[in-house]
Amino acid sequence: MLIACAALAAPIVVAQEPPTLADTMEQRMAACAICHGEKGEGRGAAEYYPRLSGKPAGYLFAQLQHFRDGRRKYPQMVYLMRFMPDAYLREIADHYANLQAPHLAPAKPSPDARERQRGEALATSGDASKNVPACNTCHGTALTGMSPGIPGLLGLPVDYIAGQLGAWKTGLRVAASPDCMHDIAQRMSGSDIAAVSKWLGSQAFPAGAAQIPAPAKLPMRCGSQPS
């Protein structure tokens, strides 16, 4: 009887309905925001995760496909993309391409003047002796990207830039043949990759800069870009 009375005196727990979430792209991209920021601004110079905001939609769409189809190998991205159809990947790409998040502060410049000079030379002049074109011949004169499918190189963490060049060089990251970034990275030494990554990562995004249309002809054939 005492047990029965105690049971009657216990408070009645009423099951609560789970909160209703708005079906918006911002809510759907909550998992992406953990690494790439709420507005796709990235996580700053000291971290690895790149900026997505304002990048060309064609580039973002292609990269999402590459993660889904195994041409890019980052496990977390492969896991998230593995069952997504092209239509939804394009919707995600358009979402981030249309965002205009403020640019985060760049990394502090490398203290090595010779390394800075080498990095700037590779980015703005290339190295004819190695048949390495300047970064700005494809990624825009201000290195802010060219539509529809070439990303900007400013506002990215140093480690991310170096990691991607290393992945191109080793074949861990691949694109449609002819794979121009693989060919370029193959011609660069480890010190070249470090120098250009540190220089690019230390450059502030120029005020008012925007993507420009890609020229009719790039300095070399790239299977990922339309002729």
Side-chain angles (χ1 to χ4, degrees), residues 20-44 47-104 138-140 143-157 159-168 170-182 184-185 205 210-214 218 221-227:
T20 301
L21 300 176
D23 186 16
T24 63
M25 283 302 294
E26 288 77 10
Q27 179 58 43
R28 294 183 191 179
M29 297 300 104
C32 305
I34 295 170
C35 295
H36 294 284
E38 290 187 8
K39 299 295 184 182
E41 68 274 17
R43 286 296 181 187
E47 296 198 40
Y48 185 80
Y49 303 106
R51 176 184 179 89
L52 303 180
S53 175
K55 285 194 173 178
Y59 171 78
L60 293 173
F61 175 61
Q63 300 317 301
L64 293 173
Q65 285 183 311
H66 290 344
F67 282 121
R68 183 194 63 192
D69 300 338
R71 289 185 288 274
R72 291 188 69 173
K73 308 292 185 183
Y74 197 66
Q76 293 92 322
M77 288 296 299
V78 172
Y79 178 82
L80 288 171
M81 299 296 112
R82 57 184 175 168
F83 297 123
M84 290 191 181
D86 279 353
Y88 193 45
L89 295 184
R90 196 175 292 280
E91 191 174 349
I92 294 171
D94 289 341
H95 168 72
Y96 279 109
N98 290 326
L99 294 178
Q100 295 297 326
H103 285 266
L104 303 178
C138 292
H139 293 272
L143 296 165
T144 54
M146 293 202 289
S147 60
I150 302 178
L153 300 181
L154 302 186
L156 296 172
D159 288 346
Y160 176 79
I161 300 170
Q164 297 314 300
L165 286 170
W168 287 118
T170 61
L172 187 63
R173 180 174 175 178
V174 296
S177 180
D179 192 342
C180 55
M181 280 306 305
H182 170 73
I184 292 170
F205 196 91
Q211 298 160 20
I212 60 175
L218 298 174
R221 290 185 60 212
C222 284
S224 61
Q225 302 304 318
S227 299

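It should be emphasised that the depicted structure is a prediction, and the values quoted were computed from it without experimental measurement. Only heavy atoms go into these numbers, but all of them, side chains included; no hydrogens, no water, no symmetry mates.
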Notebook entry, point to check: Measuring from Met81:CE to Phe67:CZ, what's the distance to the nearest 0.5 Å?
Noted result: 8.5 Å

Checklist line | Residues forming a side-chain contact (heavy atoms from CB on, under 4.5 Å) with Leu172, sequence neighbours excluded | finding: Lys73, Ala167, Thr170

Notebook entry, point to check: Any idea which heavy atoms bring Phe205 and Leu154 closest together, and the distance?
Noted result: CD1-CB, 4.0 Å

Notebook entry, point to check: Can you list every salt bridge (charged side-chain N to carboxylate O under 4.0 Å, His left out) pair that touches residues 80-104, not counting sequence neighbours?
Noted result: Arg28-Glu91, Arg68-Asp86

Checklist line | From CG (Leu218) to SG (Cys138), nearest 0.5 Å | finding: 4.5 Å

Checklist line | More than 12 heavy atoms of other groups within 6.0 Å of Gln76 CD | finding: yes

Check: How close do Ala97 and Pro56 get, heavy atom to heavy atom, and via which atoms?
Finding: CB-C, 4.4 Å

Next item on the list: Applying side-chain hydrogen bond (donor to acceptor under 3.5 Å, both in side chains), name anything that partners Tyr48, two or more places apart in sequence or on another chain.
Entry: Gln164

Margin query: For a quick test of reading the model, state the closest non-hydrogen atom pair linking Gly44 to Pro157 and the distance between them.
Written below: O-CG, 3.6 Å

Checklist line | By salt bridge (charged side-chain N to carboxylate O under 4.0 Å, His left out) - contacts of Asp159 (at least two apart) | finding: none

Item checked: All side-chain contact (heavy atoms from CB on, under 4.5 Å) counterparts of Leu52, not counting sequence neighbours -> His36, Leu60, Tyr96

Margin query: The criterion is side-chain contact (heavy atoms from CB on, under 4.5 Å); which residues satisfy it with Ala162, sequence neighbours excluded?
Written below: Ile193, Ser197

Check: Who passes side-chain hydrogen bond (donor to acceptor under 3.5 Å, both in side chains) against His139, sequence neighbours left out?
Finding: none

Checklist line | NE2 on His66 to OG on Ser224, rounded to 0.5 Å | finding: 6.5 Å

Notebook entry, point to check: Does any non-hydrogen side-chain atom of Leu64 lie less than 4.5 Å from one of Met84?
Noted result: no

Next item on the list: Give the intermediate values and the outcome of side-chain contact (heavy atoms from CB on, under 4.5 Å) for residues Tyr49 and Ile34.
Entry: CA-CA 10 Å; Tyr49 303 106; Ile34 295 170; over 6 Å; no

Next item on the list: Not counting sequence neighbours, which residues clear side-chain contact (heavy atoms from CB on, under 4.5 Å) with Glu26? List them please.
Entry: Thr24, His95

Checklist line | Side chain Ser53, main chain Glu41, donor-acceptor under 3.5 Å | finding: no

Margin query: Nearest 0.5 angstrom please: Gln63 CD to Leu89 CG, how far?
Written below: 11.5 Å

Notebook entry, point to check: Of all heavy-atom pairs between Gly37 and Arg43, which one has the smallest distance, and what is that distance?
Noted result: N-NE, 4.0 Å

Notebook entry, point to check: Can you name the residues that form a side-chain hydrogen bond (donor to acceptor under 3.5 Å, both in side chains) with Tyr160, not counting sequence neighbours?
Noted result: Arg72

Notebook entry, point to check: What closest approach, in Å, do Leu156 and Arg51 show between heavy atoms, and which atom pair accounts for it?
Noted result: CD2-N, 3.9 Å

Note to self: If the condition is side-chain hydrogen bond (donor to acceptor under 3.5 Å, both in side chains), which residues does Tyr59 pass it with, not counting sequence neighbours?
What the structure shows: Arg173

Next item on the list: Hey, could you give me the CE/NZ distance between Met29 and Lys39, rounded to the nearest 0.5 Å?
Entry: 13.0 Å

Notebook entry, point to check: In chain order, what residues pass the disulfide (SG to SG under 2.5 Å) check against Cys180, with sequence neighbours excluded?
Noted result: Cys222

